[in-house]
Amino acid sequence: MTILQPDSSRHPCFSPEAHRSFGRVHLPVAAGCNVQCGFCDRKYSCVNESRPGVTARLLAPEEAVDAALRAVAHMPHLSVIGIAGPGDPLADATRTLDTLATLREALPGMLLCLSTNGLALPLHADALASLDVGHVTVTVNAVDPAIGAVVYNWVNDGDSRVTGWEGAALLLERQEKGVRRLKSLGVTVKINTVVIPGVNSDHVRDVAMAVASWGADLMNCIPLLPVAGTRFAGAASPGPDTMHRLRAEAGAIIPQMRHCTRCRADALGFLGEDGRLEDICCAPPATRADALEFGQ
Ligand code: CLF
Ligand code: SF4
């Protein structure tokens, strides 16, 4: 079983050209996370902050499907429905997979997308491919567990919490297995790497080489956005020159995404617009017929 439509020409993140013509909507159904990154603080009621991990509110799967149908009916340029948090979409995979399954049935021509830390990816890669989720992003911040141990506070392995080198090694093993499995199923895979000066900034080339060997298609190096209250709150964000150099070095190994706008978990519209899913909450009810007419 391989997926039917890994069509990146309409995906605003996977194609630099497509982001001028096509937009995406994120459905914030994923509350929890099975990993704690040292730079992450999720917020569930934030309207003023725009970054990954932030949403105005969490949605139940049925609310998310309704919101997606409204969005697609009102915004014909939407080509992708993504699940990107505010936690990890596969930490409570049932919510995510139920949402995607209903959407796939309602909107057979829509691109579906997901962003994950990869810890639970080997368990769910086949289910994602069977729902024709054509694009998956895996965030890989280190391919050396000694560096990963600095990035990640802990990793949950079922009921046990694993820290330090062992936790980072477990996450890395799952990421590699998950990416290789997705690629064997025909899914297009992007790797996000959060660049943390003094932690993994000299390690980006190693990440690029490893993920290229796993078969990943694209890499997105994202400068750290220091968030108050996190372990990296006082770290510097790498500047444009540093990012340009790192992307050039990594770009010799694997193609680079250079237009990422670090979206919220409830982002709506073109990349870089400040649209949020709640913007369409007051729109007239949409029907599946509307969505089918406009969305495909
Ligand atoms: Fe969303 Fe991510 Fe899919 Fe795009 S975002 S789940 S791949 S549809 Fe895109 Fe936003 Fe950057 Fe993500 S600009 S943060 S890369
Ligand atoms: Fe936050 Fe994502 Fe890291 Fe989980 S995997 S702690 S949601 S950045």
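Just so it is clear, the structure is predicted and the values come from calculations on it, not from any experiment. Atoms within each ligand, like the ligands themselves, are counted from 1 in listed order.
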Protein contact to atom 1 (Fe) of ligand 2 [nearest heavy atom, distance to 0.1 Å]
C40 SG, 2.2 Å
At a 4.0 Å threshold, what atoms of ligand 2 neighbour a non-hydrogen atom of V35?
4 (Fe), 6 (S)
Only heavy atoms of C113, strictly under 4.0 Å: list the atoms of ligand 1 that pass.
3 (Fe), 6 (S), 7 (S), 8 (S)
Could you tell me whether ligand 1 has any atom less than 4.0 Å away from a heavy atom of R262?
yes
Note the single closest protein heavy atom to atom 2 (Fe) of ligand 2, along with its residue, its atom name and the distance in Å.
C33 SG, 4.5 Å
Residues, nucleotides or ligands: over 12 heavy atoms within 6.0 Å of H259 NE2
yes
Are D241 and R245 close enough for a salt bridge, meaning some N to O gap below 4.0 Å?
no
Atoms of ligand 1 close to T137 [distance to a heavy atom under 4.0 angstrom, numbered from 1]
7 (S)
Does M219 reach the side chain of I253, with side-chain heavy atoms less than 4.5 Å apart?
no
min-distance N/O/S atom, H26 vs atom 1 (Fe) of ligand 1, resolves to NE2
Check for a donor-acceptor pair, side chain of E176 on one end and backbone N or O of R174 on the other, with a separation under 3.5 Å.
no
Please state which part of I222 comes within less than 4.0 Å of ligand 1, counting heavy atoms only: side chain, backbone, both or neither.
neither
Under 4.0 Å from any heavy atom of N117, which atoms of ligand 2 are there?
5 (S)
V155 and side chain to side chain contact (heavy atoms under 4.5 Å, CB included): which single residue from N34, L170, T163 fits?
L170
Short check: is a protein heavy atom less than 4.0 Å from atom 12 (Fe) of ligand 1?
no
In terms of side-chain heavy atoms, does T139 have a donor or acceptor partner in N117 at a distance below 3.5 Å?
no
Hey, is L271 touching ligand 1 through its side chain, its backbone, both or neither, going by heavy atoms under 4.0 Å?
side chain
Please could you name the atoms of ligand 1 that C260 approaches to less than 4.0 Å, counting only its heavy atoms?
11 (Fe), 13 (S), 14 (S), 15 (S)
Ligand 1 versus H259, non-hydrogen atoms closer than 4.0 Å: side chain, backbone, both, neither?
neither
Residue, atom and distance of the protein heavy atom nearest atom 3 (Fe) of ligand 2 read C37 SG, 2.3 Å
Presence of salt bridge, R57 and D266, under 4.0 angstrom
no
Salt bridge check, K177 against E173: does any charged N sit closer than 4.0 Å to a carboxylate O?
no
Min heavy-atom dist G87 to ligand 2 below 4.0 Å
yes
L128 with L103, same ILVMFWY side-chain cluster at under 4.5 Å:
yes
Element-labelled atoms of ligand 2 that are located less than 4.0 Å from some non-hydrogen atom of P86:
7 (S)
Whether S15 side chain and H11 backbone form a donor-acceptor pair below 3.5 Å:
no
